[in-house]
Amino acid sequence: MRLYSGPVSMFSAKAEIAAIEKNIDVAVEFVPFNLATLYAPKHPDVERINPKQEVPVLIDGAVEIYDSTQIFEYLEDLAPQPALWPETLEARALARRLEMESDEFFFPDVIRFMPGRGSKLNNNEIEDAKARLRAYYAATNNILSDRHYLAGSFSYADIAFYAAEFFARFIGVGPKNDLPHLQSWRTRMSQRASVKLVMGKMTDYLGSFGIKAEL
Ligand SMILES: N[C@@H](CCC(=O)N[C@@H](CS)C(=O)NCC(=O)O)C(=O)O
């Protein structure tokens with residue numbers, strides 16, 4: 001199995017963490033990337049397989065897929081144990097909802113603050129995005145007030161939000177230190193071997209450019 005990834009691709013990190021959690025051997029290959037020109041030139045396999053020309057892209061024999069959430073589903077079908085969607089219908093629905101919201105609602109606001117992008121926002125847009133992020137952190141802290149993981153058992157929802165929140169923190173729009181359940185959850189997550197390995201690589205990469213990131 002080959003996973004095309006990028007050294008600061010949080011979507012690819014999601015896929016790699018999930019594969020490790022499932023004890024699936026995966027060869028991770030970084031596509032051309034640098035902090036100035038980003039993802040250029042495109043890797044030929046990424047160009048061929050993903051019409052959006054984004055990583056992650058996964059090849060497993062005849063299977064060629066892209067998109068971190070699609071990859072989650074494939075890994076779950078391939079290696080059902082340990083299960084990374086919760087057991088009950090309700091908890092599974094919640095995990096899927098939170099996984100989607102992290103990718104499609106939370107992260108797009110985070111990425112607005114990437115250096116080079118923020119300058120395109122006017123003051124109102126910046127304040128609105130910051131308010132949405134604060135609300136998201138508070139809501140997540142509430143969810144975690146009676147459980148160790150977002151949908152009860154450790155799931156893809158946790159992997160997705162950890163990767164996105166890591167990104168938010170290193171670009172300076174992470175949560176304040178007044179959300180204890182969120183903080184405990186992060187500590188719990190950062191102690192997982194999969195997270196240490198994958199996010200540790202990203203931390204080292206960023207550190208080599210003087211950018212401080214922390215698990
Ligand atoms: N919805 C996609 C998003 C993937 C995505 O945005 N990938 C970024 C890197 S994290 C990318 O490859 N961008 C290519 C580009 O900016 O040219 C997923 O979940 O995999």
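The model shown is predicted, which means the values in this text are computed figures rather than measured ones. Order of appearance sets the numbers: ligands from 1, and atoms from 1 within every ligand.
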Could you name the option among Glu54, Met10, Gln70 that has the heavy atom nearest to atom 13 (N) of ligand 1?
Glu54
Proximity of Lys42 to ligand 1 by residue part, where a heavy atom lies under 4.0 Å
side chain
So with a 6.0 Å cut-off around CG of Asp25, is the heavy-atom count from everything else above 12?
no
Can you name the nearest heavy-atom pair linking Ser190 to Val195, along with the distance?
CA-CG1, 3.9 Å
A side-chain contact here means heavy atoms from C-beta on lying under 4.5 Å apart; do Met189 and Glu165 qualify?
no
Within 6.0 angstrom of Glu214 CD, more than 12 heavy atoms from elsewhere
no
Report yes or no: does Val55 have a heavy atom closer than 4.0 Å to ligand 1?
yes
Atoms of ligand 1 less than 4.0 Å from Pro56 heavy atoms?
20 (O)
Judged by non-hydrogen atoms, does Gly6 sit under 4.0 Å from ligand 1?
no
In ligand 1, which numbered atoms sit nearer than 4.0 Å to a non-hydrogen atom of Asp67?
1 (N), 2 (C), 18 (C), 19 (O), 20 (O)
Within 6.0 Å of CZ in Arg97, more than 12 heavy atoms from elsewhere:
no
By number and element, which atoms of ligand 1 are closer than 4.0 Å to a non-hydrogen atom of Ser68?
18 (C), 19 (O), 20 (O)
Over-ring placement of Arg192 relative to Phe154, 6.0 Å and 45° cut-offs:
yes
